[in-house]
Amino acid sequence: MSNKEVKSALKNARDAIKNKEFKEVLKHCKAALKLEKNNYNAWVFIGVAASELEQPDQAQTAYRKALELEPEQLLAWQGLANLYEKSDQMDFKAELPKVYLKLIELYESSDKTKCYEVIRKLADIFHMEKDYLQVARVWRRLIQLKEGEGADKAELLQLWQQMTCLLSDSMEEHDNETQQHLIAAFEKAMVLSDNVPGEDHRKLSADYLKCLSQLSHEECKMREACESILALYPSQTFPLEILGAHHLKSGKKSLTYEDAGRCFSRLLELDPDSGLGHLGLGIRALEEGKCDDSIKYLAQGLKRMRSSLVGWFSLAQAQLKMHRYSDCATSCSQGLKLGGAGEEALRQKLLRLRLEALVRTGDEHTADQLLDANNDPVLVALKGRGYLQKGQVDQVLQINLRLVVSCPCCSLLQAAAQNPACGEYYFLLGRLYWDMGEESRRDRSKAHTHLLKAAKLDPYLGSVFCYLGHYYREVAKDQGRARGCYKRAFELDSNDAESGAASVDLSMKEGDMDTALAVLQSVIQRATPGSAKWAWMRRGLYHLKVGQHPQACADLQAALRADPQDWVCWECLGEAYLNRRSFTSALKAFAKAQLLNPSSIYSLYQTAAIKQTLGKFKEAAAEYLQIIAREDYVPALKGLGECLLSLARGLMEDYRDGGAIDVIQQAIQYLFRAVELRPDLSCLWKLLGDACTSVSTVAPNRARVVVPGPLAGLQPPDQGHLLNQGHTLRVGERCYGRALKLMPESSSLWYDLGLNYYHQACLPRCLQEMEHNTLLLLLEKALQVQNSPGWMAGWMAGWGRTLNCLGRKSWKRFNNPAPLLSQLSHEAFKIAQSLEPLYVNCWIGQALIAEMVGSYDTMDLFRHTTELSTHTEGVKGYAYWVCATLLDKSNRDSELYRYNIVQMNAVSAAQVALSKYTERIQTDPDAFVMLGFLNEHLQLKKQAVLAYQRCVCLEMDCVCLCVTVRLYFISGEWLIQSYEKALMVATTEKEKAYILTSLALLQHRLGNMDSAKTLLFKCSMLKEPVPESLLCLCALGLVHGDSTLASAALTELLKQGRAAGAAVEQRCLLTCTLLALQGNYSAVQREASRAVHSNPGNPSLWALLSRLVPQYYPRKAKVCHLSRALLYSGVNQLACGRHSGEDRSRNALKTMQRAVLLCPDDPAMWAGLMAACHTENTACSLSGSTPVFMFDLLKVFLLSCNSPSLHLAQVVWKCSSWSTILKCHPLTPSLLPLSQVLSVSPEHPAVVLLLRQVQCEHLLLSSAGTALPASVLEQLSSAVLANHTSVAAWHWLAEVYRTQGLLVQAVMAYRQSLQLASQLDLHSGKMACLLRLALLALSPCMAKVPGDEWKELVLEATTEALKLGPSPVALLVQALLHFATKMAARETRRLLERLVYFPSQGYPETVACVARWYLLRHLHAKDDLELMDTLVDDAKASGDGRLLEFHTRLTSC
C-alpha cells in the first residue's frame, strides 16, 4: 500500500514539474518522503522544484541527499551541475569543476558526446581561472578519448591547435609541465599538418617558434626548430626574427657569435627595412668599436622598432663614445619613456647614461638630479662637474675632497696610468700642458705628444683635433695640417664654433672659397634661429668682400640674432649697409656698435662719415671732433676739414660770408694738423688748397683768414698770421703745387690750380703779376679728362651763354632780335637743363632769352633761379623785374601781377635775395637803389635809408637827386628843402603840380594842416592842375570834417570832365562821403544809384551801392530791384530778413532764383541762392511748414563747374557752397569734387580755411557724435589764425567748439571775433559777435547749469548789442534768460508780450514766432486760459501753424 502511495506521489510530482507547479511538487515529494524517507527520486524532484523556486541552498541540500543515497546515479549530478551553472554564488562556482569531473567519469562509459561537452566546459572554467595545467590535463584527456574512438587526423589536428591556443597566454608564468604540454601540442599539431610546407603549417611554425623564444630553457630546441623551419621556408623572415630577437635578448655574448652576424645579415637580405636586423648589426658594430656604423644602423632600426629599450641604450652608448652628448641625452630620454617589466636594470643604466651626457653638455640643472649619488664615485664626480658648471665652487671643493679620500688617484697622470685606454685623460693632460706657464708655452712638445695619444685612443673626441689644429697653426706653422685638424674636429662636433670658424678662416686664407662656403652653408642650413653666429658672420663677410651687399646684410642680421651684444658684428653690419648705400640703417648699426663699445674709434668715424655723406655736416663735424679729442686720427681730421668746407660753401651760397670765413679758418687749422701727420697724402694738400681758394668768393674786405705760420711761410712759426685775400690765395696755390708733386697726372688738381690762378688774376694787384698764358696752359691741362654729365652741363650752359651774348650784340648792332641765335641759345640751355636740372646758370640763360624776346615768363624764370640758389645775375634780374612791376601801377588787377607779386610773395623774396647780393657785391649802386625801393614797400624805413645812403656814396650823377629825395622822404630830414630844390628845377606845369602835391602830403604827415591846404590850393590854381591834387584836397577836407573845403575841391574836380577807370569810383566815393558828412543820407543812395546808371558795367559801383543802401537807407533795401543788381538786391533782402513767410512774391529766394536764371555761370549767384534756401529752411522750421531743398541742383552745378581757370573768388564761393551742402545735406557722397576745386589755389589761406571747414563738417557727420581729436582742433585753430582778419572764421571756430562741448573756448573765439570787428569798425560784425555770444551763454542757462557767470555773460552781451542799435534778437535772448531763470515771474511775461504784441517796425516774424512759443509755455504753467486764448488768436492771425499745433498738444494732455 505504501509503495503505491509513493509511486502515486512521485507521479503527481513529475506531472507538476511538467506543468511547472513547483510548490505542488514540494508537497507531493514531502508526502512521498513521509512514506519513504530515503527515496532518491523524491529528493531529486525537491532539488528541481527548489531550484526553480530560486531556493538554491534547499536545492543543493536535496541534491546532496540524493547523491548520498545513490552516488553513481546521473540524475542528481546533472541537477546539481545545472544548479551550479545557473547560480552566481562563489561556493557553487568552486564546486562546479568537481561536479564536471564526476559527470565526465559517468558519461565516459555511457554517453561520449555529453562527456566531450562536459570536458570542454571544464576546460573553459580552468582557462578562466588561469589554471593552465588543469586545462592541459583535461584537454589531453579529451584528445585521448577522441583517439580511443578513432577520430580522424583533421579533428585531432584541430584539437591540438585549440590546445595551443588555450595554453599560449602568459607563457612565461606556466610551470614546466604546462610548458611541456604546450610544446607537445605544437609538435603533435605540426606532425599532423598536411601540405608541408604550406600556409597553415607556416603559421603554426611561427607560433611554435614564438612559443619557444619565450622559454629561456628551450634555447637549443628553439635553435633547432629555427634551422629546420628556415630550411622549409628559406624566403620567410620570421625564423630569423625569432633567432635575432633571441640574440638581442641574450646580450653581448650572444652577439659575438658568428651565427648572430649571419642571422642579422641574412635578415636584412630578406627584408632591407627590418628594424631588428639594423639593431642587431648596430649593436654588433658598437661592440666592435665602429661607432659611426653603429649609430647609422641603430638609428635606422629604431625608426621601425621605437619600443626597443636595448636599441635606445645602445644608440646612447654609441653617441656618448662619439661625444655627441646632446644626442645621447635625447636617446636616453626616448628610452626612459618606454615601460617594460623586467628591464629595470637597463632603465637604471639609461638614467645614469643620461645624467652623464647632460653633465657633459653643460646643463646647469643636472647637479640637482644627482642628489642621491653619494655612494657611486662616478655619479659623485658627475655631480661635482655639474656644480662647477653652475659656478658653485664650494660644493665642488667638498665633492673633490670626498673623491680624494675615497679614491687614491688624485692627479691626471695617475688617472692616465690607471686607465691607459682613456683618451680623455690624455687630452686633459695635453690641454693642461698647453695652458701652463711661459716655459710650457715655449715648448709645446709635451702638449703635442699627449694630444696625439688622446687622438689615437679616442678618435671621436673633437676637442683633441681642435687643439692639434692650434698647435699646427701657431707652433708648427703648418697650415695644411692645421686645416685638416680643424676640419676633423668640426666633422666630429658640428657645434664646435671654434674649430669650424678656424677651418673656414684657413680655407679662405688659402683661397679655397668653395670649401669654406660649403661648410658655412651646411652649418647655416642646420642652424636654428638665433644660433651659428660664427657661420652667419663669416658668410656675411664673404658676401661683403665679393660685393653682394644685400646677402651680406641678411647674414649679418642673422648673426646678430644669435648675439645682439657683439659690437664687431654690428660694425660689420654697418659696413654692409654702407656699401649697399643704406645710410640710415648703417648709421643705426654703427651707433649700436658705439654704444656697446664706446672706445671704438672706427664706429664713431663711420658714423661721422655717413652723416657727412647725408649732408649733415654739423653733426658729422661734432663726431669728428670727438675722435680728434681722443687722438690725432688723420681720416677724422680730413673728414672734419671736408665737413667744414661744405658748411662754408653752404654759408657762401646763402651769402653769409662772415660765418663762412670763420668756418674756413677752422678747416685750415684742422687740415694743417692732418698735413703735419701725413704730408705724403695729396688729398690733404688738395683740401688745404680748396680751403684757401674758397675765400675768393667773398668780398675782399671780409676775406681775412688766420693761417698757421709754417703754412703761410711767415715767422714765428708757432703762431697764426692774419692774411688778406691775395695772400690766402697764394697759400692755396702752394698747397695745390704740393699735391701735384705727389699726383702730377691728376687733371682735377691742374683744374683747381688754374682756378686759383684765375681768382688771383681777378684781384687788382695780381692782375699785374699774373701771366694769362700760364692760366690758359693750366686750364688746357685740366680739360684733358673724360666727359661727364656735370662737365657737359657746364659746357652746354657756357655755349648757351656765348650764343646769348652774340644775340645781344646783333640786337644792338643791327636792331635785329637775332632769332636764330636765340633759338640756338635756348636749345643749348635746354640740353643743359635736361642733364642737370638744378644747374642755376641754365635757368639764368633761359631767363635772359625770355627777357630778350619779351616773354611773360621772364620774371618767373628769374624767381626760379633765386629758389635754386643765390646767384648774382639771377638775384639782380629778379629784383629788377619786381621793381619794374611794382612801378607799373596799371597792372594791379591783372592775373600776372597777382601771381608774380602777391601769390609768390615777390617783394619779400626779392628783398632778401638783394640783401645777400649787396652784402657780397658792395659796388653796385643800382642794386642799392632797388634794395631801398623794396625796403620801402616792406615799411623797413631804416634799412631803406641805409641802402639809399650807400647808393649816394657810390654814385653822385644821374640818380643822386632822386635817391636823395627818397632818402629824405623816408628819414624826414631836409625833405622840404629837397622838394623845393626839385620844384625849382621843374620845367612843366605838370611836374610842378606833382611836386606841390608831394609837398602837401609831406606837410600833412608832419601835422602842418594849413601848409598842406595852402600847397594844395596853390596846385589847384595852376594852369594844368592834376586830379591827384584835387583828390587830396577833397580827402583832406573830409578827414578833418571841413565840408566846405571838400565841396569846393570836389566841384573843381568834377569840372575836369568825365572820369574814366578807377577815377569814377573815387569820385563817387568822395561824393557819397561828403553827402554823409552833411547828413543827407537819402542823397547818398541817390548819388550811388546815379553813378551805377551812368556806368552800369562797373562792378565796383554796384558793390559800393550794395554796401551803402543797407547802411544809410535800409528801408530801400527791401525794394532795391535794380536791373543789373539782382544779386545785391537779394543780399539786401536777406539782410532785412525778407523770406516767403512774409511775402510770397517778393522775397530773397525769388530774387536769387531770377539772378541764377540770368547768370547761371556765376558762382556768386549760386552761393546767394544757397543762402536764401538756408534762410527759407530756417523760417520753415520755425513755422512748421515744409522746408525747401535745392542742394541736389546746386551740387550738380558745382560738380560740372571745375574749370582750372576759375578766379580765387570763384574758388572761395565754390568751397563755401560745398561747406553748406555738407552741413545741410548729409547725403553728399564724398569730398572728391572739393579736391578738384581746390587745385586752383591750394595754398591761399582763405581756401585752406574753407577746406578745413568742409573736412570738419564731413568728419562731424561721419563721427556720429564722437568728439574730435585734439590734433584736429589744433589744425582748425591754425587755419583760423591764418585768416585772422575774418570775423566769420572766428564765428565758425566758436561753433565747432560749441558742438564739442568746449564752451569756454567758444567764448574766447567769440571775444576774439568781437575784438577784430571793433578794430575793423564793422557794425554788423560786432552785432553778430554779441548776439552769437549771448546765444552761446544762454544754452547753459536753459539747461539749468549752476552758477551766475553764464547769466552775467548773457546780460553783458545783449546790453552791448542794444547799445549798438535796436536788436529784436537781443530782446528775445533777454526774455528767454528770464524764462530760464524766473519762468513764473511777471517780468518774463512782460518781455515776451512786448515781442509778440508790440513789435517795432522791421522786427522779423521769426522773433515773434519764437516768443509766442515760450509765452505759451509760460501761460500754460500759470494756467492762464484767457491769455492763452488771446495768444492763440494772434497766432492764427499771423499764420503761426507751429504754435497752434503745440497748443493742441498741450490742451490734449
Side-chain angles (χ1 to χ4, degrees), residues 1-129 131 133-135 137-139 141-142 144-145:
M1 183 68 182
S2 59
N3 288 332
K4 291 181 178 180
E5 294 177 355
V6 170
K7 289 181 180 179
S8 176
L10 291 176
K11 181 182 178 185
N12 294 332
R14 188 178 288 110
D15 294 337
I17 290 174
K18 291 180 180 179
N19 296 327
K20 295 184 179 182
E21 296 175 354
F22 300 110
K23 291 184 179 181
E24 294 296 329
V25 173
L26 293 177
K27 291 180 182 180
H28 294 305
C29 290
K30 288 179 181 180
L33 288 175
K34 287 181 181 180
L35 298 175
E36 187 179 348
K37 184 177 182 180
N38 295 321
N39 189 285
Y40 176 82
N41 290 328
W43 286 109
V44 171
F45 291 160
I46 290 175
V48 173
S51 176
E52 294 296 334
L53 292 174
E54 296 183 356
Q55 298 175 359
D57 293 334
Q58 186 177 352
Q60 182 186 22
T61 303
Y63 285 133
R64 290 293 182 186
K65 186 67 175 177
L67 289 174
E68 290 176 1
L69 295 175
E70 294 184 21
E72 298 301 325
Q73 289 290 331
L74 275 172
L75 191 60
W77 288 106
Q78 289 174 344
L80 189 61
N82 290 332
L83 175 65
Y84 286 165
E85 287 175 355
K86 294 178 180 180
S87 178
D88 293 332
Q89 295 184 16
M90 296 304 296
D91 52 347
F92 287 180
K93 293 294 183 183
E95 295 294 330
L96 184 59
K98 298 177 182 180
V99 176
Y100 281 157
L101 287 172
K102 186 63 178 178
L103 286 173
I104 291 171
E105 183 181 348
L106 295 175
Y107 282 140
E108 191 173 351
S109 58
S110 60
D111 192 348
K112 295 292 184 180
T113 302
K114 290 187 177 180
C115 179
Y116 298 152
E117 181 180 353
V118 175
I119 288 175
R120 292 180 182 276
K121 290 182 178 180
L122 182 60
D124 291 339
I125 291 175
F126 285 140
H127 189 267
M128 290 176 60
E129 295 177 354
D131 191 352
L133 180 59
Q134 294 298 330
V135 173
R137 290 173 179 175
V138 170
W139 207 262
R141 188 173 180 179
L142 174 62
Q144 290 174 1
L145 291 174

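This chain uses plain numbering: 1 for the first residue, then up along the sequence.
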Q: Hey, could you give me the CG/NZ distance between Leu69 and Lys37, rounded to the nearest 0.5 Å?
A: 10.5 Å

Q) For Glu21, what residues pass the side chain to side chain donor-acceptor pair (under 3.5 Å) criterion, not counting sequence neighbours? A) none

Q: Only counting residues at least two apart or in another chain, list the ones meeting side chain to side chain contact (heavy atoms under 4.5 Å, CB included) with Asn12.
A: Ser8, His28

**Q.** Which residues share a salt bridge (charged side-chain N to carboxylate O under 4.0 Å, His left out) with Lys23, sequence neighbours left out
**A.** none

Q) Asp15: what forms a side chain to side chain contact (heavy atoms under 4.5 Å, CB included) with it, not counting sequence neighbours? A) Lys11

Q) Ala42 and Cys29: which non-hydrogen atoms are nearest, and at how many Å? A) O-SG, 3.6 Å

Q.
Looking at every non-hydrogen atom in both residues, tell me the closest pair between Ala59 and Gly47 and how far apart they are.
A. CB-O, 3.4 Å

Q.
Per the side chain to side chain donor-acceptor pair (under 3.5 Å) rule, what does the pair list look like for residues 52-61, sequence neighbours excluded?
A. Gln60-Tyr84

Q.
Using 0.5 Å steps for rounding, measure from the CZ atom of Arg14 to the NZ atom of Lys18.
A. 7.5 Å

(Q) Once side chain to side chain donor-acceptor pair (under 3.5 Å) is applied, what residue pairs with a partner in residues 39-51 remain, sequence neighbours excluded? (A) Glu36-Asn39

